[in-house]
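Data first, discussion second: the structure below is written as structure tokens.
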Number of protein chains: 2
Amino acid sequence: MYQLYDFLPSGNCYKIRLLLNQLGIEYERVNIDILNKESRTPEFLKINPNGRTPVLYHDGKYLAESNAILWYLASNTRFLPVDHFEQALVLQWMFFEQYSHEPNIATSRYWVSILKAENDYKEQLIAKMKAGYAALDVMEQHLASNDFFVANQYSIADIALYAYTHVADEGNFDLSGYSKIKQWFKRVENQENYIDIKKC
Amino acid sequence: MYQLYDFLPSGNCYKIRLLLNQLGIEYERVNIDILNKESRTPEFLKINPNGRTPVLYHDGKYLAESNAILWYLASNTRFLPVDHFEQALVLQWMFFEQYSHEPNIATSRYWVSILKAENDYKEQLIAKMKAGYAALDVMEQHLASNDFFVANQYSIADIALYAYTHVADEGNFDLSGYSKIKQWFKRVENQENYIDIKKC
């Protein structure tokens, strides 16, 4: 049995819920309320010493980091291309997501819509918005000539990037000028067994 | 022939130089001076629209993101474990490195020792130091009962984490209390065909 240590509003956790649903894998949710510091308790730190969700439990072992979990679950399925270079490109986009995209777009959403503390982070939000738009520009440019991020097929690279991009407005990002990204949202949402971020 | 778009002081670029050397792969260095904005020229942005080094060129194709390049080069070599779950753990530590470690430890080093602009970043450095020490604590704890990060063997997880940890003092981090990390440095530096960060 798979268990997912999961915070429902988290896009990083949503990535795993979406893929598990699309793979038809049943799992048990363990709710971790990070606002109540449940990811920093002594018990949770034994599971992930880095104190973050999601964590996947399977076969007696724990795995952290959302994109490593995606890769683990997607290997040898239609959600990861077979070609070695294309697999490396999937990782390239997933590292782009965690370095250039998530720390800006997800963090802005966390401050604005989850903590509802926009005024406390005014100055930091200016820098986050600038870097977040730069990441969105890179995505928009890529999607101008590609339906999906790698190998013209829906993969975990799309799942990783979709998770926080499609709720970027909750971090005050205006996506109205990003027509290619919005068309890609529809392609992702049309995939079989797609679920909404609010669902599990 | 492999080409590496490389900025010599960058730990992310050093990861690739170290692994290429350990694999015995010859390559051509293309020097990209990021201080001179050479990673943001129109020509370079065609190679990597995200405007960052390193980039690997091989077989007519470009690959960005240091840890994706490590994975691409290490597959089916002794630098990546064979077991599927252990491979996922390697990715877990590499995503930890890019999310929780590099943005704090490498960025501090960049401000302090490369830009030599410590005074301009005083306030930001306080937050970076705190988060950087938290990442070092996670590493120290793991190394208290493990010789290497995954499967008790030297892998690209070690290369990814070593690159900026062993020069953390250049970002004002004091490693004197991190005895397990310092013992691990020696194990990494004793690996065959190890090269110094200043070498290529």
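Below, all heavy atoms of this structure are taken into account, side chains as well, without hydrogens, waters or symmetry copies. Protein chains get the first letters and strands the later ones, always in sequence-line order, with residue 1 at the start of each.
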Side chain to side chain contact (heavy atoms under 4.5 Å, CB included) evaluation trace for A:Glu65 with B:Gln92: CA-CA 5 Å; A:Glu65 298 291 334; B:Gln92 174 199 283; 3.8 Å; yes
Shared hydrophobic cluster for [X] and [Y] (ILVMFWY, side-chain gaps under 4.5 Å):
X	Y	result
A:Val90	A:Tyr162	yes
B:Met139	B:Tyr154	yes
A:Trp184	A:Val150	yes
B:Leu35	B:Leu45	no
A:Trp71	A:Phe79	yes

Best-contacting candidate, A:Ala64, A:Ala134, A:Ser66, A:Pro103, against chain B by heavy atom pairs under 4.5 angstrom: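 It is A:Ala64.
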Chain A interface, residue from B:Leu63, B:Asp137, B:Val138 that has the most non-hydrogen pairs under 4.5 Å: B:Leu63
Plane angle bin for B:His84 and A:Tyr72 - parallel if under 30°, tilted between 30 and 60°, otherwise perpendicular: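 If you compare the ring of A:Tyr72 with that of B:His84, the planes turn out parallel.
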NZ (B:Lys61) with more than 12 external heavy atoms under 6.0 Å: yes
More than 12 heavy atoms of other groups within 6.0 Å of A:Asn76 CG: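 Counting neighbours around CG of A:Asn76, 12 or fewer heavy atoms of other residues, nucleotides or ligands fall under 6.0 Å, so no.
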Working for side chain to side chain contact (heavy atoms under 4.5 Å, CB included), residues A:Leu91 and B:Asn67: CA-CA 8 Å; A:Leu91 287 174; B:Asn67 291 349; over 6 Å; no
Which atom of A:Leu89 lies closest to which atom of B:Tyr62, heavy atoms considered: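 Minimum heavy-atom separation between A:Leu89 and B:Tyr62: CD2-O, 4.2 Å.
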Shortest non-hydrogen separation from B:Ala68 to A:Ala88 and the atoms involved: CB-O, 3.8 Å
Identified side chain to side chain donor-acceptor pair (under 3.5 Å) partner of A:Tyr99 from the options B:Gln98, B:Glu102, B:Arg52: B:Glu102
Toward chain B, the part of A:Gln124 with a non-hydrogen atom under 4.5 Å: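 No part of A:Gln124 comes within 4.5 Å of chain B.
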Side-chain heavy-atom pair B:Met94, A:Phe95 within 4.5 angstrom cut-off: yes
